[in-house]
Amino acid sequence: MAQAAPPLLSSSGPHWQKLAAPLLVILILAMMVLPLPPFLLDMLFTFNIALAMIVLLISLYTLKPLEFSVFPTVLLVTTLLRLSLNVASTRIVLLHGHTGPDAAGKVIEAFGHFLVGGNYTVGLIVFIILVLINFMVITKGAGRIAEVSARFTLDAMPGKQMAIDADLNAGLIGEDEARQRRAEVAQEADFYGSMDGASKFVRGDAVAGIIIMLINIFGGLIVGMAQHDLSLAAAATNYTLLTIGDGLVAQIPALVISTAAGIVVTRVSSEQDLNQQMVGQIFGRPQALLLTGGILSILGLVPGMPHVAFLLLGSVLAGAGYWLTQQGRAADLARAEEPPVPAAEEPQDVGWHDVAVVDRLGLEVGYRLVPLVDRGQDGELLRRIRGIRKKIAQDLGYLVPAVHIRDNLQLRPNAYRITLKGVSVAEGEAVAGKYLAINPGRVLANITGQPTTEPAYGLPAVWIDAAQRDLAQTYGYTVVDAGTVIATHLTRVINEHAPELLGREETQQLLDHMAKQYPRLVEDLVPKTLSVGTVQKVLQNLLDEKVHIRDMRTILETLAEHAARSQDADDLTAAVRVALGRAIIHETFGGVQELQVMALEPNLEHILMQAMTARNGTGTGLEPGLAERLVRETVQAVERQEDAGQPAVLLSPPAIRPVLARFLRRSAASLKVLSHAEVPDGKTIRIVSLIGGG
């Protein structure tokens, strides 16, 4: 059974809101060229009056100008609506004005006949007065206020921005509030600038109203006398009354809209609307009301003055002032009878809440890099950081802590800093809007730009414009944007410090996650056999030697098997490495059958075994000359392996593997030290270099 399709427009959905404004503007423009019947013209004139009243009431209840930020656009739309109605009514007046005063609809007839008594002289004078009030007083004043406000707002923007930054640095406001306040400052300047330009629409509308009135009167006389054989008096009566009615029905809403514009631009931001401010500030002072009432009463006693009006209004004001005075005294008496307010508590002493929590992983950026990490500006780096955490979680096997991002005005504009436990571990610079062309070592030609060094790996690079991107790629450069530069550097830092980022909390979360899949395994191991700290240390040892911990089931099973014999983290790590041998070999060599490795010369291996045993495995029993020779030959062997395109792997006995790996790590970072026990059965070992044999 087919289902009915949902309606295109819904009164509660967003579809009609997206179509309302375009349809309104199109209809307004269509009215200038399409003929309208008198009934539809009446409806549109009534809608124009209602719209003007709505705008006026909204301006009265607005607390601050930015709450009605769409007002400049509303001013333009209402002006276009009035002009379109003028054109449509002019067409009807000139075509059918000879038939009588209701030729252009009942609304124009009412304004032209009932409001001015059918006297076109009075109507003409009233129309001119309304136009002058609108043009010379309200619109001109509102435009001047908007112009001055826009100028002062622009001049004050730097100071306001600095004040916001100062509050942010002092910790009085958060980053979200600071961004919101910066946006409000910019929006305020845009609003007053738009109001300054929009006021020109109303002034032009007033001039157009006078011109349209003159065209209607003289055009009507010509049409009435030449085409419809009316007398001069009859033509003047019909067309002038219709023109006056048409002008009044357009100018009265224009006057209302202009008044609303003046109210909006003269408003001072407050927590009260205009009604509350006027009542509270004008009629809320009893002394002013008493004095004004007394003065009016005295004037009412002067011979020749209108006694009733002055005495009545003076009595009302004096009575209101007396009533307000009594209310104030009653309030003071009530406050005096209230029990005393208990003394305020002494300021709370310094406590643990004043100790700032150090972020485990942080990223600080200069102000020019803020758009890359600002949610409001759709910062691309935020998405990349989420992707980085997901990729690292898939590679290493645990979820690294979230990266806390903040702007730092103490940094250079294009600089960024990566912090670990509150301490800077890496710094760099990235130019937003430009691209970094990295020289991988084999480029066809040099490209012009700002020379620099790629921060993650230290490669020579050049900052270039977007227009040079394709050219740089043609030359053989690796071209990345500023966000990718920071993301790559952050990825390298996280990988290098993965053991430190695996804290006790992350280890417990990892165990809780595994307990959902293997509840019995985790329950028997932690905390019955091993503590969380011991498991954490084993995992950190694995990460320290670039071994992933994705296979947590194997790791936990191995720990459960060997924990009864030893609680030492290093011994347990060695056992886990043997269990993960297949994964370690595959990650290092891939799927090859023959493993090309380096090995120790037997005599050197024997000496190292004796030295480790003598020092209880601390690795401090090596004679200095022997240690220097071991490091030198290892570095040379690693370089040969890398030049041949082979992984640098040193095979050693299990007893000395941990100490040897720690000893050689600083000299040869890319070297991996494996034990014989970690090589799975079925793999062939080929020794390509012998260390200590020379």
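For the pair I405/L382, a side-chain contact is recorded, criterion being any heavy-atom separation below 4.5 Å from C-beta on. In this structure, the side chains of L372 and V365 stay at 4.5 Å or more apart for every pair of heavy atoms. Counting heavy atoms from C-beta outward, L381 and L363 have side chains that approach closer than 4.5 Å. Between D359 and V403, the closest side-chain pair of non-hydrogen atoms is not below 4.5 Å. Between L369 and I486 there is a side-chain heavy-atom pair separated by less than 4.5 Å.
The two atoms that bring S297 and S315 nearest to each other are OG-N, 4.2 Å, heavy atoms only. The two residues L411 and E364 make their nearest non-hydrogen contact at CD1-O, 3.6 Å.
A distance of 5.5 Å separates CG in L85 from CG in L44, rounded to the nearest 0.5 Å. For the atom pair CG of D407 and OH of Y367, the computed distance is 12.0 Å after rounding to the nearest 0.5 Å. Taking CD of E380 as the reference point, atom CD1 of I385 lies at 11.0 Å (rounded to 0.5 Å).
Other residues, nucleotides and ligands contribute over 12 non-hydrogen atoms within 6.0 Å of the CZ atom of R406.
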